[in-house]
Each structure stands twice: as C-alpha cells, then as structure tokens.
Amino acid sequence: MIRAESIYKEFGDQQVLKGIDFLFEAGKTNLVIGKSGSGKTVLLKILVGLFKPSTGHVWYDNIDLVTANKDTLRKLRMQVGMLFQGNALFDSMNIEENIRFPLDMFTTLTLKEKNKQVDFCLERVSLPGINQKYPSEISGGMQKRVGIARAIVLKPKYLFCDEPNSGLDPQTSITIDELIQDITKDNNITTVINTHDMNSVMEIGENICLLEKGVLAWKGSKDQVLQDKNETLHDFIFASPFLQKLIESNH
Amino acid sequence: MYYKETLRQMYDIGIGSLPIVFLISIFIGAVTSVQFYYQMSGTLIPSYYIGYIVRDMTIIELAPTITCLVLAGKVGSNMAAELGGMRQKEHIDAMEIMGVNTSAYLIMPKVIASLLMIPVLVCAAALIGILGAYIASVPVGLFTSAEFIKGVRSFFVPYNVFMMFVKAFVFGYILTNVSCYQGYFVKGGSIELGEASTRAVVYSNILILLADYVIALVLTA
C-alpha cells in the first residue's frame with residue numbers, strides 16, 4: 001500500500017495541493033480523479049518521487065519516499081512501474097528493446113532469459129509477435145499496452161498510470177482498464193490511476209480519491225458514486241449533458 | 001548499457017562528423033595557402049615559408065577552433081535537441097522512475113565520446129587542412145611541391161601539437177556540457193526546444209572563443 005500523509009505542494013505563490021491524506025490499497029485499482037488543474041498530475045508525480053512535496057510524507061508500506069536515502073530509493077524504484085500519458089516509449093528502440101530496457105539496466109539475466117520475460121509480458125498484454133516493430137508502427141492502443149508491458153516487466157509492487165485512456169476510443173479504453181485491473185489482482189499490486197474518464201471510474205474504481213482545487217473533496221468506491229450526495233462529486237461525475245439527460249429520463 | 005551507449009555516441013560524433021570536418025578543413029587549408037601566397041608575393045620571404053605558416057596556423061588555431069565551432073553547430077545542437085525531445089516526451093521521467101541515473105546514462109556517454117573523438121577529429125582536420133593547402137597551391141603553380149614540403153617540415157615544434165590537443169579537449173568538453181545542459185533542462189514545447197538548441201550553439205561558440213584566448217595566453221606565456 002501507499003499512504004499519502006498531509007501532502008502540501010506549492011509552486012511559487014500557487015498552492016497546488018492542500019493537505020492530501022489518502023491510503024492507496026494493495027490489490028485494488030486506486031483512482032485519482034478530478035477536473036483539469038485540480039492537482040492530479042502533481043499528486044501522481046509526488047507519489048512516484050518526480051516532485052518533492054513542500055511538506056508531508058509518502059509511505060510505500062513502511063518506507064518514507066520523502067526522507068529515504070539514495071540506496072533505499074534506488075531499490076524502491078525497481079519495484080515501481082509507470083504508464084505515462086504519452087506512453088514514453090523510446091522511439092529509437094523496437095518494442096522488444098523498449099520492454100527489455102529495465103531488464104538490461106537492473107538485472108544480470110542472459111539475453112535469452114530477458115527475451116523470454118519480454119515475450120511473457122507481451123503475451124500478458126495480448127500483443128504476441130510484435131517484438132521487432134517500432135513504436136511508430138503500432139496504434140495508440142497497442143502503444144499503451146506496450147507501455148503496460150514495460151511497466152510490469154520487473155514485476156513491480158506498485159503501478160502508476162497517468163491518464164491511461166487519453167486519446168483512445170471507448171472500446172480500447174475498456175480493454176486497457178480491464179487489463180490494468182487484471183494485472184493488479186493477479187499480482188496484488190498497489191495500482192494508482194490518474195484519470196478523468198467516467199467509464200474507468202464506473203468500471204474499475206475500487207478506491208477513488210476526488211481532488212478539487214488541490215483539496216481531497218471526496219473518497220469512496222464506484223458503488224458509492226451514484227448514491228452519494230456530495231455536490232463536488234455530483235458536478236464532476238454528471239458534467240456530461242448526455243448523462244444528465246439520461247438521469248432526467250430515468251426520473 | 002553505458003558501454004554500448006558510449007560506443008554509439010562515439011560513432012555518431014566521430015564518423016558522423018567526418019564529412020563536414022573533411023570539407024571544411026580542406027577549404028580552410030586551401031584558402032589559407034592561397035591568401036598567404038598573395039600576401040607574401042613580392043616580398044623577400046622565401047615561398048617555402050608558406051608551407052610552414054599554413055602548418056602552424058592549422059595546427060595551433062584553425063583545426064581546433066574552426067572544427068569545434070562547426071561541431072558545436074552540428075553535434076551540440078543535435079545533443080540539445082535529442083535530450084530536450086526526450087525531456088518533452090517524458091522519456092527522461094520514465095527512466096528516472098525506473099531508477100536509471102539519467103545524467104549518468106544520457107550525458108556521461110556523450111561527454112566521454114566527445115573527449116575521445118573530438119581530438120581525433122581535430123587531428124584529422126589538421127592533416128586534411130595541410131593537404132588542402134597542398135592541393136590548392138601546388139597543382140596551380142603557386143609554388144613547387146618541394147618548396148611546400150620543405151616548408152611543412154621546417155621549424156616543427158612538437159609543443160604546438162600539444163596545444164592543439166589541449167584546445168580540442170577543452171573545446172570538446174565545453175560544447176558537450178553546454179549542449180547537454182541546455183537540452184536536459186529544457187521546459188515547454190517545440191519553440192522552447194528550438195531556442196534551447198540555438199542557445200546550445202551560441203553559448204558553446206562564445207565559450208570556445210573565450211577559452212581559445214585563455215589557452216593561448218596560458219600556454220604561450
């Protein structure tokens with residue numbers, strides 16, 4: 001599990017996060033949702049250690065990311081996988097080299113063993129046989145899945161996904177969501193997903209944290225979303241005119 | 001991984017820059033010899049002196065300085081754009097999250113490759129420059145082959161070659177570090193990336209010229 005404890009973050013005069021406390025549970029898909037500019041990405045970057053909080057702590061089980069020394073941090077990072085919004089696949093490497101990159105950097109496995117692990121990961125994301133293709137030769141949805149394959153190749157304990165469905169059609173989005181959820185369950189990973197996709201919220205939102213102007217406005221699960229009367233949550237979830245009409249017609 | 005990346009950079013910097021270094025050096029040598037012939041014609045200075053002047057000018061100043069100014073444009077802007085692009089596409093963030101020491105993995109191989117390959121390129125530029133001087137002056141009859149070769153072999157001071165290598169190392173170090181810094185810390189979009197690439201070239205050139213003066217002052221004192 002990952003615990004955010006009293007996270008404050010400011011950039012100059014601008015206070016972006018104002019005292020976030022949240023528990024991201026292991027074996028569950030933890031969603032951070034909120035409008036653009038609510039502080040989701042900053043929170044995610046603090047959780048993965050790309051930003052340091054102005055005050056507060058980030059606990060990975062019993063290790064504090066903020067005060068950890070370099071050696072602990074290096075070991076911890078090897079247990080972290082991340083899927084970026086833009087995939088961050090290395091253009092000059094083919095798919096096999098992209099997925100093998102963490103193995104090349106941190107393991108002493110033979111090339112054959114590494115390639116076996118790459119094949120296993122590609123199999124896991126339902127993309128067998130595309131090893132020799134380059135990122136530019138595959139679709140956006142496939143790139144996301146390759147990004148997931150690279151994120152899980154070191155068998156991480158913690159998985160972070162920044163807007164995994166951005167730029168994808170609804171059907172592919174559902175496939176990606178299900179894939180992330182399956183991987184989370186199968187390996188008991190602590191998964192944190194940063195999203196504003198309502199389908200994801202309703203499909204895989206087991207533990208949801210809603211941010212509004214840098215403040216934790218609501219927390220709960222997908223089952224509580226429709227029942228809860230929280231105004232901020234309601235405004236966010238039912239912002240779409242389509243959903244509003246649907247609800248009105250049901251009434 | 002670091003070893004492979006260093007080799008790749010050595011190939012890109014060394015072999016990749018050879019055509020432009022060849023082209024520039026041959027013309028610089030050619031123009032230097034023709035212009036010195038023009039300036040010295042009608043004087044009492046023996047014509048074989050032109051070979052000697054061309055050799056020393058090429059070794060001490062033209063080969064290291066002009067080559068590195070050109071490399072700042074070619075290699076430096078390339079490094080800044082490559083690192084800046086990686087920063088913008090979140091490649092550097094991805095590596096950092098994986099636990100990769102990005103400055104060691106991305107910058108150190110470039111610095112090592114530059115320190116190894118730029119002196120080699122400068123050395124090649126000096127030889128090609130002298131060859132260019134020969135090609136431009138002897139076949140057209142400005143002076144004879146024997147005169148040119150006598151000039152090139154006269155008054156040779158090995159210390160000048162040492163100066164050339166000192167300049168090559170220092171200039172290589174400057175252009176790589178300035179360019180990598182500009183690219184690695186780029187913020188914003190494609191306009192900022194272009195600006196960083198331009199800054200890499202401009203700052204490198206200014207610092208190379210400044211270092212050229214300081215080295216000349218120190219090593220000839």
Side-chain angles (χ1 to χ4, degrees), chain A residues 11 41 44-51 65 68 70-93 97-108 111 114 135-136 143 146-148 150-154 156 158-163 166 192, chain B residues 1-16 74-75 77-110 112-113 179-180 183-194 196-197:
Chain A
F11 294 103
T41 302
L44 197 77
K45 287 192 171 179
I46 286 173
L47 292 178
V48 295
L50 285 177
F51 287 165
L65 183 73
K70 271 190 177 177
D71 197 41
T72 313
L73 211 56
R74 197 178 59 83
K75 284 178 189 158
L76 190 62
R77 287 206 185 286
M78 287 169 65
Q79 299 175 33
V80 173
M82 179 148 182
L83 173 65
F84 281 84
Q85 189 173 356
N87 306 317
L89 297 177
F90 309 129
D91 316 314
S92 58
M93 298 181 190
E97 290 164 339
N98 260 288
I99 299 172
R100 203 176 59 211
F101 184 80
L103 296 171
D104 286 336
M105 294 303 295
F106 301 114
T107 68
T108 51
L111 186 64
K114 287 177 197 168
S136 58
Q143 286 182 12
V146 172
I148 294 171
R150 188 177 66 182
I152 62 170
V153 75
L154 282 175
Y158 313 97
L159 179 64
F160 295 89
C161 306
D162 188 14
E163 307 274 4
S166 69
V192 181
Chain B
M1 285 297 276
Y2 290 64
Y3 169 72
K4 275 186 195 167
E5 184 61 15
T6 307
L7 281 183
R8 189 179 75 83
Q9 291 295 336
M10 283 173 72
Y11 181 85
D12 284 353
I13 296 167
I15 307 295
K74 187 198 172 286
V75 176
S77 64
N78 186 287
M79 284 176 183
E82 181 185 324
L83 289 173
M86 290 185 80
R87 171 68 74 194
Q88 290 179 340
K89 288 181 185 171
E90 298 180 310
H91 291 178
I92 294 179
D93 286 348
M95 286 183 185
E96 276 175 3
I97 287 167
M98 285 175 205
V100 177
N101 181 343
T102 51
S103 49
Y105 179 69
L106 295 171
I107 297 174
M108 194 53 80
K110 288 180 171 58
I112 292 171
S179 307
C180 287
Y184 191 79
F185 291 106
V186 76
K187 284 192 174 100
S190 50
I191 291 174
E192 285 79 6
L193 181 56
S197 193

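To find a chain, count down the sequence lines: A is the first, B the second, and so on, and within it residues start at 1. These numbers were taken from a predicted model, which means no experiment stands behind them.
- Atom CG in N101(B) sits 7.5 Å away from atom NZ in K70(A) (nearest 0.5 Å).
- With sequence neighbours excluded, the residues that form a side-chain contact (heavy atoms from CB on, under 4.5 Å) with Y11(B) are I15(B).
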**OP:** Go through the steps to decide whether K45(A) and D93(B) satisfy the test side-chain contact (heavy atoms from CB on, under 4.5 Å), and finish with yes or no.
**Re:** CA-CA 10 Å; K45(A) 287 192 171 179; D93(B) 286 348; 4.2 Å; yes
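- Rounding to the nearest 0.5 Å gives a distance of 11.5 Å between CG of L50(A) and CD1 of I92(B).
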**OP:** Starting from the C-alpha separation in whole Å, work towards a yes-or-no answer on side-chain contact (heavy atoms from CB on, under 4.5 Å) for F160(A) and I97(B).
**Re:** CA-CA 10 Å; F160(A) 295 89; I97(B) 287 167; 6.0 Å; no
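- Using a 4.5 Å cut-off between heavy atoms, K75(A) does not touch chain B at all.
- The heavy-atom pair separating A94(B) from R150(A) by the smallest distance is CB-NH2, 4.0 Å.
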**OP:** Would you please test M95(B) and M105(A) for side-chain contact (heavy atoms from CB on, under 4.5 Å) and show each step?
**Re:** CA-CA 10 Å; M95(B) 286 183 185; M105(A) 294 303 295; over 6 Å; no
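- Other residues, nucleotides and ligands place more than 12 heavy atoms under 6.0 Å from the CE atom of M78(A).
- Looking at N87(A), there are no atoms closer than 4.5 Å to chain B (heavy atoms on both sides), in backbone or side chain.
- With a threshold of 4.5 angstrom between heavy atoms, F106(A) approaches chain B through side-chain atoms but not through N, CA, C or O.
- A distance of 6.0 Å separates CE in M86(B) from CZ in F90(A), rounded to the nearest 0.5 Å.
- Atom CD of E82(B) is separated from atom OG of S92(A) by 7.5 Å, given to the nearest 0.5 angstrom.
- Around CD1 of I191(B), the count of heavy atoms belonging to other residues, nucleotides or ligands within 6.0 Å does not exceed 12.
- Distance CD/E90(B) to CE/M82(A): 7.0 Å, rounded to 0.5 Å.
- Contacts between L89(A) and chain B at a heavy-atom distance below 4.5 Å involve the backbone alone (N, CA, C, O).
- By number of non-hydrogen pairs under 4.5 angstrom with chain B, the leading residue of L76(A), D91(A), V80(A), V48(A) is D91(A).
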